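This report refers to the structure that appears directly beneath it.
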Amino acid sequence: MEATEEVLEVSIPKIRVTSEYEHHPYEVYEIKVENTKTKATFDELKRYFQFEQLQKFLLSNESLKNVRIPALPLDPAKSWSSYLKSPEPSSREDLRRELEVYLKELIGNPTLLNLYQVRFFLGIRKPSNGRKVVVPLPDIDFDPTELSVPWKLLSHEGYDFIFATENAAIPQGDPIMLRAEGVV
């Protein structure tokens, strides 16, 4: 794979507590990546377990056995002591800073930066390649899960999407699928 000409800056400016699922609030790390040459910016939200998945992939990849993989900081919330009490806010902030250093080390290594999995994790998309995907959708009740995976993968590769509906309306996803209520 060819080396990139990019100069990237990465940061994790904050941790958000989100509650997509009403009864299970969780933390997400807001990742910001900027290409300082083109000024393109990419924003991603990641949970700690996604960092763990990336690390597991990097460590298990045979082609990376001679590449220095930075150590993933440990999440205090996953230690045995967290079952006794909640981690202090300062430890959450320390982890945020350590994860930011981890990401800076990842993108500082051209071999790791050029991996599709690292670029996808960071949300670094290729610039528009001029290719377009026309997606026909009904005006109402479409299943958004059928569209989300192809959109994520193809938009990451630089494809532009055009959504076409029956009456040129803004498509409305199936409310049951959007709220996951009543889905068995």
Side-chain angles (χ1 to χ4, degrees), residues 1-2 4-58 75 77 92 96 99-100 102-103 106-107 112-184:
M1 184 175 274
E2 66 188 52
T4 62
E5 300 276 333
E6 301 163 308
V7 178
L8 299 175
E9 298 277 333
V10 65
S11 65
I12 302 177
K14 63 182 174 179
I15 304 168
R16 284 197 220 169
V17 176
T18 185
S19 55
E20 255 178 48
Y21 308 104
E22 293 174 19
H23 306 296
H24 303 289
Y26 55 88
E27 293 177 341
V28 291
Y29 297 90
E30 186 178 293
I31 300 172
K32 296 202 172 287
V33 179
E34 180 184 2
N35 182 326
T36 58
K37 284 188 175 182
T38 65
K39 300 298 181 203
T41 59
F42 309 99
D43 298 325
E44 283 289 313
L45 296 176
K46 296 292 181 187
R47 294 178 66 180
Y48 182 80
F49 86 88
Q50 292 171 295
F51 282 88
E52 290 176 315
Q53 289 174 330
L54 176 64
Q55 186 74 354
K56 183 178 178 183
F57 165 79
L58 295 173
D75 183 351
R92 308 308 307 149
R96 182 200 63 76
L99 287 172
E100 187 174 275
Y102 170 78
L103 292 179
L106 277 182
I107 68 169
L112 298 175
L113 176 59
N114 283 321
L115 287 173
Y116 175 82
Q117 291 81 356
V118 171
R119 296 178 74 79
F120 191 82
F121 179 85
L122 293 171
I124 302 170
R125 291 161 195 77
K126 292 181 180 175
S128 177
N129 57 25
R131 293 181 283 184
K132 297 185 182 341
V133 176
V134 177
V135 180
L137 293 171
D139 287 343
I140 59 171
D141 293 336
F142 76 93
D143 181 351
T145 60
E146 293 175 355
L147 177 60
S148 60
V149 173
W151 173 82
K152 179 81 171 174
L153 293 172
L154 291 173
S155 64
H156 180 77
E157 290 299 315
Y159 285 83
D160 295 320
F161 276 71
I162 299 170
F163 299 100
T165 59
E166 300 164 81
N167 298 306
I170 296 173
Q172 302 296 313
D174 183 342
I176 292 173
M177 297 303 291
L178 292 172
R179 285 192 295 279
E181 294 173 4
V183 178
V184 181

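One is the number of the first residue; the rest follow in order along the sequence. Nothing here was measured: the structure is a model prediction, and the numbers come from that model.
- When all heavy atoms of Pro138 and Pro171 are compared, the pair lying nearest together is O-CB, 3.9 Å.
- Note that the OH atom of Tyr48 and the CZ atom of Arg92 stand 9.0 Å from one another [nearest 0.5 Å].
- Taken to the nearest 0.5 Å, the OG1 atom of Thr165 stands 10.0 Å off from the CD atom of Gln172.
- A distance of 8.5 Å separates CG in Asn35 from CD1 in Ile124, rounded to the nearest 0.5 Å.
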Q.
Working note: Gln55 + Tyr102, criterion side chain to side chain contact (heavy atoms under 4.5 Å, CB included); need CA distance, chi angles, decisive distance, verdict.
A. CA-CA 10 Å; Gln55 186 74 354; Tyr102 170 78; 2.4 Å; yes

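- The side chain to side chain contact (heavy atoms under 4.5 Å, CB included) check on Thr36 picks up Val7, Glu9, with sequence neighbours excluded.
- One finds the CZ atom of Arg47 at 5.5 Å from the OH atom of Tyr26 (value rounded to the nearest 0.5 Å).
- Listed by first and then second residue, the ring pair (Phe, Tyr, Trp, His ring centres under 6.0 Å) pairs involving residues 121-149 are Phe51-Phe121 (not counting sequence neighbours).
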Q: Carefully, step by step, assess Tyr29 and Glu100 under the rule side chain to side chain donor-acceptor pair (under 3.5 Å).
A: CA-CA 10 Å; Tyr29 297 90; Glu100 187 174 275; over 6 Å; no

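- Leu137 is listed as a side-chain neighbour of Leu147, based on a closest heavy-atom distance under 4.5 Å.
- Under the salt bridge (Lys or Arg N to Asp or Glu O under 4.0 Å) criterion, the residue pairs touching residues 139-155 are Glu44-Lys152, with sequence neighbours excluded.
- The minimum heavy-atom distance linking Leu153 with Phe120 is given by the pair CD2-CE1, 3.9 Å.
- Atom CG of residue Leu99 and atom CD1 of residue Ile31 lie 8.0 Å apart, to the nearest 0.5 angstrom.
- Across all their heavy atoms, Leu112 and Leu58 have their closest contact at CD2-CD2, 4.1 Å.
- No donor-acceptor distance shorter than 3.5 angstrom exists from the side chain of Ser155 to the backbone of Tyr159, with no hydrogens or angles considered.
- Screening residues 154-169 for salt bridge (Lys or Arg N to Asp or Glu O under 4.0 Å), with sequence neighbours left out, gives Lys126-Glu157, Lys132-Asp160.
- Residues passing the ring pair (Phe, Tyr, Trp, His ring centres under 6.0 Å) test with Phe57: none are found, sequence neighbours excluded.
- Of the inter-residue distances, the one linking Gln50 atom CD with Leu45 atom CG reads 9.0 Å to the nearest 0.5 angstrom.
- Using a 4.5 Å heavy-atom threshold, the side chains of Ile162 and Val133 count as separate.
- With sequence neighbours left out, Glu34 forms a side chain to side chain contact (heavy atoms under 4.5 Å, CB included) with Lys39, Thr41.
- Side-chain contact between Leu113 and Leu106 is absent, with no heavy-atom pair separated by less than 4.5 Å.
- Within 6.0 Å of CD1 in Ile170 there are 12 or fewer heavy atoms belonging to other residues, nucleotides or ligands.
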